[in-house]
Amino acid sequence: MRQVQRMCQVCRNKFDKNDLIRIVLDENQLFIDDNKSRKGKGCYISKNHNCLDMILKKKIFNRVYKLNFDTVQYEKILKDIEFANTRNK
């Protein structure tokens, strides 16, 4: 059976949905959506270290959500992603 594919917003490559991290905007806050079912606008990011490093440099969430997130918000979500990656190993 074919897996559902989504595009990484950083590298713009397609991956199986299960191989990506979903980030959701809910009430102007960014959250990791572990179950991929949370309400709110979501985007997908590859677990690839190069993509994770480029999130802050390219200000990906500013482009995706058309809002102006500050560095503190980026650092918080990157820390959350790092924690989720170590927890899932």
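Note that the structure is predicted; figures quoted are calculated from it, not measured.
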Distance in Å, Ile23 CD1 paired with Ile32 CD1, rounded so as to fall on 0.5 Å steps: 5.0 Å
Could you measure the distance from the NZ atom of Lys76 to the CZ atom of Phe31? Nearest 0.5 Å is fine. 6.5 Å
Kindly indicate, with the supporting measurements, whether the criterion side chain to side chain contact (heavy atoms under 4.5 Å, CB included) is fulfilled by Asn62 and Leu67. CA-CA 5 Å; Asn62 290 358; Leu67 294 171; 5.8 Å; no
Take Phe69 and Leu25 through the test side chain to side chain contact (heavy atoms under 4.5 Å, CB included) and record every step on the way to the result. CA-CA 11 Å; Phe69 294 103; Leu25 177 68; 3.8 Å; yes
Minimum heavy-atom distance Arg6-Val4, with the two atoms named: NH1-CG1, 3.1 Å
Is there a continuous path of hydrophobic side-chain contacts, each under 4.5 Å between heavy atoms, that joins Ile77 to Val64? yes
CG-CG distance between Leu30 and Asp80, expressed to the nearest 0.5 angstrom: 9.5 Å
Just distance, no hydrogens or angles: give the donor-acceptor pairs under 3.5 Å from side chains in residues 12-21, sequence neighbours left out.
residue : atom : partner : partner atom : Å
Arg12   : NH1  : Gln9    : OE1          : 3.0
Asp16   : OD1  : Gln5    : NE2          : 3.3

For the hydrophobic clusters of this structure (ILVMFWY residues joined by side-chain heavy atoms under 4.5 Å, transitively), does one cluster hold both Ile81 and Tyr65? yes
Name each donor-acceptor pair under 3.5 Å that joins a side chain in residues 53-61 to protein atoms two or more places apart or in another chain, with its distance.
none

Side chains of Asp26 and Lys39 in contact at under 4.5 Å (non-hydrogen atoms): no
So if you build clusters from Ile, Leu, Val, Met, Phe, Trp, Tyr with side-chain heavy-atom gaps below 4.5 Å, do Phe83 and Tyr74 land together? no
Mind checking the CG-NZ spacing from Leu52 to Lys47? Nearest 0.5 Å is all I need. 10.0 Å
Is Asp33 salt-bridged to Arg22, going by a charged N under 4.0 Å from an acidic O? yes
On a heavy-atom basis, which atom in Cys8 and which in Ser46 lie closest, and how many Å separate them? SG-N, 3.3 Å
